[in-house]
Amino acid sequence: MQTCRRHLLLAASALGIGGRVHAHGNNDHRNQAATVRKEQKDWGIAGDATAVRRTIDVRMGDDMRFRPARIDVRQGETLRFRVHNNGRVMHEFVIGTPADNARHAELMAKFPDMEHDEPYMAHVPPGTTGVIVWTFNRAGRFEFACLIAGHYQAGMVGSIQVRAA
Ligand SMILES: [Cu+2]
């Protein structure tokens, strides 16, 4: 138990999200994390539903692919992603820089039970749909990825190109 906690803390500090990585079954903390925090990230900031002008449906499958695999955005746009899991196993949709996602995926491979929840990610059980509203206020090339152990490594990654306004 002690070792497990230490690993989670290491994982949390490596992610720079101190205290927001929880062991499975810790529902109290998960509820707290459900409150959307607006924190500027390199790849944007949590968006308001009222600002949404475009909704993008993304499908995820057990073939470890996203459809579409590329999304083009104008800087300043707020998008609603409806993320459908058509597979039989859990998948997730996590927006980030390629470097952040790669680092995060490595941690998920080491600590498969690590829970994480942020406004730029959706964890989608089989046969269900997750929703994210995100504002792309910074231009650049970003990614969406499934960071579940083995999925990212199998190529479950898509690209987001945000064109400068
Ligand atoms: Cu997946």
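Positions are given from 1 along the sequence.
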Subject >> side chain to side chain contact (heavy atoms under 4.5 Å, CB included) evaluation trace for His104 with Met114 >> reply: CA-CA 11 Å; His104 196 161; Met114 184 176 83; 3.9 Å; yes

Subject >> Residues His123, His116; criterion ring pair (Phe, Tyr, Trp, His ring centres under 6.0 Å); working and verdict >> reply: CA-CA 9 Å; His123 313 281; His116 50 174; 4.9 Å; yes

Original post:
Should Trp134 and Thr78 be marked as a side chain to side chain contact (heavy atoms under 4.5 Å, CB included) after you check the CA-CA gap, both sets of side-chain angles, and the distance that decides it?
Top reply: CA-CA 6 Å; Trp134 190 255; Thr78 298; over 6 Å; no

Subject >> Derivation and outcome, side chain to side chain contact (heavy atoms under 4.5 Å, CB included), residues Ile71 and Val58 >> reply: CA-CA 10 Å; Ile71 295 166; Val58 179; 4.2 Å; yes

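For the pair Cys146/Met60, no side-chain contact is recorded, criterion being any heavy-atom separation below 4.5 Å from C-beta on. In this structure, the side chains of His84 and Thr129 come closer than 4.5 Å at one or more pairs of heavy atoms.
Atom CZ of Arg53 is separated from atom OG1 of Thr50 by 7.5 Å, given to the nearest 0.5 angstrom. A distance of 11.0 Å separates CD1 of Ile132 from CD of Glu118, quoted to the nearest 0.5 Å. Atom CD1 of Ile45 sits about 10.0 Å away from atom NZ of Lys41, to the nearest 0.5 Å.
A salt bridge links Glu77 to Arg54: at least one charged side-chain nitrogen sits closer than 4.0 Å to a carboxylate oxygen. Electrostatic pairing of Asp72 and Arg163 does not count as a salt bridge here, judged by no charged N lying under 4.0 Å from a carboxylate O. Using a 4.0 Å cut-off between charged side-chain N and carboxylate O, Arg88 and Asp62 make no salt bridge. With respect to Lys38 and Asp48, a salt bridge is recorded, a charged nitrogen being found less than 4.0 Å from a carboxylate O.
The two residues Ala105 and Tyr152 make their nearest non-hydrogen contact at CB-CD2, 3.4 Å. Shown here for Phe136 and Leu79, the closest heavy-atom pair between the two residues is CE1-CD1, 4.0 Å. For the residue pair Val157 and Glu143, the shortest heavy atom distance occurs at CG1-CD, 3.4 Å. In terms of heavy atoms, Leu147 sits closest to Met108 at O-CB, 3.0 Å. For Val162 against Arg74, the heavy-atom pair with the smallest separation is CG1-C, 4.1 Å. Across every non-hydrogen atom of Pro119 and Ala46, the tightest pair is CB-CB, 3.9 Å.
Summarising the local packing, CD of Gln75 is surrounded by more than 12 heavy atoms from other residues, nucleotides or ligands at distances under 6.0 Å.
Here the options are Arg59, Arg67, Arg65, the test is salt bridge (Lys or Arg N to Asp or Glu O under 4.0 Å), and the partner is Asp63; only Arg67 passes. Shown are Thr55, Val131, Asp57, Ile95; of these, the side-chain contact (heavy atoms from CB on, under 4.5 Å) with Phe81 is made only by Ile95.
At a threshold of 4.5 Å between side-chain heavy atoms, the hydrophobic network of Ile, Leu, Val, Met, Phe, Trp and Tyr places Ile148 and Phe66 in two separate groups. Under the 4.5 Å side-chain heavy-atom criterion for Ile, Leu, Val, Met, Phe, Trp and Tyr, Val89 and Met156 are members of distinct hydrophobic clusters. Under a hydrophobic clustering in which Ile, Leu, Val, Met, Phe, Trp and Tyr are joined whenever their side-chain heavy atoms come within less than 4.5 Å, directly or via other members, Val94 and Met64 fall into the same cluster. Taken together through direct or relayed side-chain contacts under 4.5 Å among Ile, Leu, Val, Met, Phe, Trp and Tyr, Met121 and Val83 form part of one hydrophobic cluster.
Residues Asn85 and Glu92 have side chains that never bring a donor and an acceptor to within less than 3.5 angstrom of each other.
Aromatic ring centres of Trp43 and Tyr120 lie closer together than 6.0 Å.
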